[in-house]
Amino acid sequence: MAAVCLAAVVAGCAAPTGREAPSSRAGMSAAPAAAGPDGATSTATAADRGGPRPPAVPLALPGLARSEEESSGEAVARREAVVRTALETAHRWGVEQLPLPAPQRPVSRPELTPVQGVKLQDGRPPVVYRVPTDEKIVFLTVDDGAEKDPEFSRMAAELGIPLSTFVADYLAREDYGYFRRLAAQGDAVNNHTINHRNLKVLGYDQQRDEICRQQDQLEQQIGTRPRLFRPPYGEYNDDTLRAAGSCGIEAVPLWNEEAFPDHMEYRYDDQRLHAGDIILTHFRGTDLWPGTMPDLLRKVVNEVTAQGFALARLDDYL
């Protein structure tokens, strides 16, 4: 199945949509131009005004320029066709506007400093509610793993929506193949413990077992060892961070918004997204929610786009 990456489409829409008029080229005469039988233009002189005109002669261009000129119309037509297809795909999924394109992924992850939304402690992985960035991007993260809806993963792929998932083994183990397929389309699968217990009520050794065993399990099932970890319910203490760090965890992302199929919940009074915000949602179905996973993704994409943000991949920034 060929996926249509709408972000790439939008990024390409800024290209020129037609040829430059010959009369605007540097060095050409500013005399009036008239259309020839084939639609091209020729420059009139005093001698030929009022008399029959010879057929227009196309401007002679060197080889590479001529090749580019001849193919420009085809390139425009291709771009327009891709945009039409993208819009059809978006509308088929019920998305109101094309998702805005995320910026190019950073060459290196930004250095974290102790600003609002970032908690730093020596010797511990940073806890991050909001990624420090000036770009108008936010991040969608999906937790647990109970609902494994193929339409959700297909919708994300066709719309080009990046996800970061945080998977608990006891919910995912019946079908790790679903999460392998998500990983294959570029969506990172991260650690959410083995049994999804409240870590704050456990001792250090129990916490380490919950986190490290899931590191091992995901490495075996998905093929990569996660760098990111989210504690269940967002509950953690110093033992949690110490245990996570001992298992190879590099950052602990939490969240500022939570998404549902029919609404968004915001942490702050202005009820708006902010650059670098992390959005939480879950793999859940209609047994627990008033909607499906595609309904959820539709709500998030429409809300994020309406507020002028693009969705980016969290693992590229933490």
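Please read these numbers as outputs of a predicted model, since none were measured by experiment. If you read the sequence from its start, that first residue is 1, and numbering goes on from there.
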Query raised in the report: Using 30° and 60° as the class limits, which term best fits the ring planes of H263 and F260: parallel, tilted or perpendicular?
Result: parallel

Ion pair check, D295 and R298, cut-off under 4.0 Å
yes

* **Note: R208-D239 ion pair, threshold 4.0 Å (strictly below)** => no

**OP:** Tell me, with the steps shown, if I279 and L273 meet side chain to side chain contact (heavy atoms under 4.5 Å, CB included).
**Re:** CA-CA 9 Å; I279 302 169; L273 295 168; 4.2 Å; yes

Atom [atom1] in [X], atom [atom2] in [Y]: separation rounded to 0.5 Å?
| X | Y | atom1 | atom2 | answer |
| --- | --- | --- | --- | --- |
| T165 | R230 | OG1 | CZ | 10.0 Å |
| T281 | R284 | OG1 | CZ | 8.0 Å |
| L280 | M264 | CG | CE | 10.0 Å |
| N237 | K200 | CG | NZ | 7.0 Å |
| L296 | W289 | CG | CH2 | 4.5 Å |
| E258 | I278 | CD | CD1 | 13.5 Å |

Practice problem: Decide salt bridge (charged side-chain N to carboxylate O under 4.0 Å, His left out) for E88 and R92; before the verdict, give the C-alpha distance in whole Å, the side-chain angles of both, and the deciding distance to 0.1 Å. | Solution: CA-CA 6 Å; E88 290 169 2; R92 177 162 48 82; over 6 Å; no

If you take all heavy atoms of [X] and [Y], which pair is closest and at what distance?
| X | Y | value |
| --- | --- | --- |
| L218 | N190 | CD1-O, 3.4 Å |
| P226 | I249 | O-CD1, 4.0 Å |
| R130 | D277 | NE-OD1, 2.6 Å |
| C212 | S246 | SG-OG, 4.3 Å |
| S153 | L182 | CB-CD2, 3.7 Å |
| T305 | P99 | OG1-CA, 3.8 Å |

Checklist line | Pi-cation contact, Y204 with R242 (under 6.0 Å, within 45°) | finding: yes

On the ring face of F309, is K136 found with NZ or CZ under 6.0 Å from the centre and within 45° of the axis?
yes

Check: Are there more than 12 heavy atoms of other residues, nucleotides or ligands under 6.0 Å from atom CD of Q104?
Finding: no

Q) Does a sphere of radius 6.0 Å around CG in D134 hold more than 12 heavy atoms from other residues, nucleotides or ligands, not counting ones at 6.0 Å or beyond? A) no

When R213, Q206, Q207 are each screened for side chain to side chain donor-acceptor pair (under 3.5 Å) with D209, the one that passes is R213

From the list D315, T141, D187, side chain to side chain donor-acceptor pair (under 3.5 Å) partner of S164 resolves to D315

Practice item. Indicate whether the side chain of D169 and that of Q217 have a donor and an acceptor atom separated by less than 3.5 Å. Key: yes

Go through it in stages, so that I can follow the logic: the residues are Q215 and N191, the test is side chain to side chain donor-acceptor pair (under 3.5 Å), and I'd like the CA-CA distance, side-chain angles, deciding distance and then a yes or no. CA-CA 6 Å; Q215 287 287 89; N191 190 328; 3.1 Å; yes

Set out, in order, the CA-CA distance, both residues' side-chain angles and the distance that settles salt bridge (charged side-chain N to carboxylate O under 4.0 Å, His left out) for K148 and E174, then state yes or no. CA-CA 10 Å; K148 304 166 186 68; E174 69 181 32; 3.5 Å; yes

Closer than 3.5 angstrom, by distance alone: can the side chain of [X] be matched with the main-chain N or O of [Y] as a donor-acceptor pair?
| X | Y | value |
| --- | --- | --- |
| R105 | D316 | no |
| Q97 | N302 | no |
| T193 | I211 | no |
| E219 | Q214 | no |
| D270 | R272 | yes |

Hey, quick one: are [X] and [Y] part of the same hydrophobic cluster, counting side-chain heavy atoms closer than 4.5 Å, chains of contacts allowed?
| X | Y | result |
| --- | --- | --- |
| I137 | V300 | no |
| V131 | V115 | yes |
| L171 | Y176 | no |

Do H192 and F229 have ring centroids that are under 6.0 Å from one another? no

For D238 and Q121, what are the C-alpha separation, side-chain angles and deciding distance, and is it a side chain to side chain donor-acceptor pair (under 3.5 Å)?
-> CA-CA 10 Å; D238 186 66; Q121 183 180 350; 3.2 Å; yes

Heavy-atom check, side chain of L159 versus side chain of V95, under 4.5 Å: yes

* Close side-chain approach of P231 and L254, heavy atoms under 4.5 Å -> yes

_I'd like to know whether M293 forms a side chain to side chain contact (heavy atoms under 4.5 Å, CB included) with E147, so could you lay out the CA-CA distance, the side-chain angles of the two residues, the decisive distance to 0.1 Å, and finally the verdict._
CA-CA 8 Å; M293 292 293 293; E147 184 72 13; 3.9 Å; yes

Between R267 and Y129, does the side chain to side chain contact (heavy atoms under 4.5 Å, CB included) criterion hold? Intermediate values first, please. CA-CA 11 Å; R267 184 184 300 273; Y129 292 82; 3.7 Å; yes

Worked check of salt bridge (charged side-chain N to carboxylate O under 4.0 Å, His left out) between D149 and R154: CA-CA 9 Å; D149 187 342; R154 185 163 75 91; over 6 Å; no

Do F152 and Y178 pass the ring-ring contact (aromatic ring centres under 6.0 Å, His included) test, and can you show the C-alpha distance, the side-chain angles, and the key distance before you say yes or no?
CA-CA 11 Å; F152 172 75; Y178 179 81; 7.6 Å; no

Checklist line | Test side chain to side chain donor-acceptor pair (under 3.5 Å) applied to H274 and N256, step by step | finding: CA-CA 9 Å; H274 301 86; N256 277 329; over 6 Å; no

Under the criterion side chain to side chain contact (heavy atoms under 4.5 Å, CB included), I'd like the reasoning laid out for R225 against D216: C-alpha separation, chi angles, the key distance, then a yes or no.
CA-CA 7 Å; R225 196 168 182 83; D216 296 339; 2.9 Å; yes

